[in-house]
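Here's the structure we're looking at; comments come further down.
To find a chain, count down the sequence lines: A is the first, B the second, and so on, and within it residues start at 1.
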There are 2 protein chains.
Amino acid sequence: MTPDLDTLFQALADPTRRAILERLSRGPASVSDLARPFDMSLPAVVQHLAVLEAAGVVASEKVGRVRTCRIEPGGLSRAEQWIHERRAAWEQRLDRLGGYLAAHPDMPEEPK
Amino acid sequence: MTPDLDTLFQALADPTRRAILERLSRGPASVSDLARPFDMSLPAVVQHLAVLEAAGVVASEKVGRVRTCRIEPGGLSRAEQWIHERRAAWEQRLDRLGGYLAAHPDMPEEPK
DNA sequence: CCTTCACTTAAGTCGTCACTTAAGTATCAG
DNA sequence: CTGATACTTAAGTGACGACTTAAGTGAAGG
């Protein structure tokens, strides 16, 4: 059940959620620990955590009455990979174009 | 006026917009060219393009009555960089933890 | 037991997002 | 000039997202 890119990018498109990820990348934390820095209610933070879990970037486990959250390693790799592929594709294309223009110095624009 | 990560990730969190980027990574195209493959009205596609422009990942220029859109190189780099930094941070942390556990084989959990 | 603590569930509000249709405004072709 | 083309502007709708408050559940501590 690897989540789709929609869910993944959507999860990253919020500053609170990115801040949570940054906090978690320095080690696991409880829900209240994660909520403390933010100026919002605890349920709100829990909802953000749910989004991050649905996106497959964090995992959590409840022991006693405290839920501990940690990074899900590799959860971001699909996003990273998509971006990398796109960038590779058009950089390669620009390189080809650059070479073409270098070889035919007085062409007006974009070859067919 | 580099756009923030919110805008950038938000722009990527939609399949139509990612499809437009994939199309554009194979070369520039007019608005109608971009709209053709999609089962939605032209104004809708134009709105998606506006989001992509605001996010700094595409640029467009109008000549006569046709607007030609192209990739804005480097527009994705901020997103790519953020993901990369986070991944680096927690992988490094996991490595340290792994080393620690290897050196002290019978520790219960997570060092303080 | 009886609180307190750490969440969890539920419900509701308000704004934003992804569309739509309808009616413009410039080109450009004949 | 006339009409078709290629958008552009405007306005509206329905769903979803980011919160809120209020009330519940279940483990721990005294």
In whole Å, I'd like the distance from the [atom1] atom of [X] to the [atom2] atom of [N].
X: B:Leu12; N: C:dC17; atom1: CG; atom2: C1'; result: 16 Å
X: B:Leu49; N: D:dA6; atom1: CG; atom2: P; result: 16 Å
X: A:Phe9; N: D:dG17; atom1: CZ; atom2: P; result: 17 Å
X: A:Asp39; N: D:dT20; atom1: CG; atom2: C1'; result: 13 Å
X: B:Leu52; N: C:dA18; atom1: CG; atom2: P; result: 10 Å
X: B:Phe38; N: C:dC19; atom1: CZ; atom2: P; result: 10 Å
X: B:Asp6; N: D:dG17; atom1: CG; atom2: P; result: 16 Å
X: B:Gln10; N: D:dC16; atom1: CD; atom2: C1'; result: 11 Å

Would you check, one step at a time, whether the test side-chain hydrogen bond (donor to acceptor under 3.5 Å, both in side chains) holds for A:Glu22 with B:Trp82?
CA-CA 10 Å; A:Glu22 290 180 19; B:Trp82 186 90; 3.0 Å; yes

What I want to check is whether an N or O donor and acceptor connect the side chain of B:Gln47 with the base of C:dC19 at under 3.5 Å.
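It does, because a donor-acceptor pair links the side chain of B:Gln47 to the base of C:dC19 below 3.5 Å.
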
Using a distance-only criterion (donor-acceptor N/O pair, under 3.5 Å, no hydrogens), is the base of D:dC7 paired with the side chain of B:Arg65?
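Check fails, no donor-acceptor contact within cut-off.
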
Consider only side-chain heavy atoms of I, L, V, M, F, W and Y, link residues closer than 4.5 Å, and tell whether [X] and [Y] are in one cluster.
X: A:Ile71; Y: A:Val66; result: no
X: A:Val51; Y: A:Val45; result: no
X: B:Phe9; Y: B:Leu21; result: yes

Taking the side chain of [X] as its heavy atoms from C-beta onward, which of [options] lies nearest to it?
X: B:Pro43; options: D:dC19, D:dA10, C:dA18; value: D:dA10
X: A:Leu42; options: C:dT8, C:dA6, C:dT20; value: C:dT8
X: A:Met40; options: D:dC7, D:dC19, C:dA6; value: D:dC19
X: A:Val66; options: D:dA6, D:dA18, C:dA6; value: C:dA6

Check ion pair B:Glu80-A:Arg87 (N to O, under 4.0 angstrom)
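The answer is yes: the pair qualifies as a salt bridge.
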
Are OP1 or OP2 of [N] and a side-chain N or O of [X] less than 4.0 angstrom apart?
X: B:Ser41; N: C:dT21; value: no
X: B:Lys62; N: D:dT8; value: yes
X: A:His48; N: D:dG17; value: no

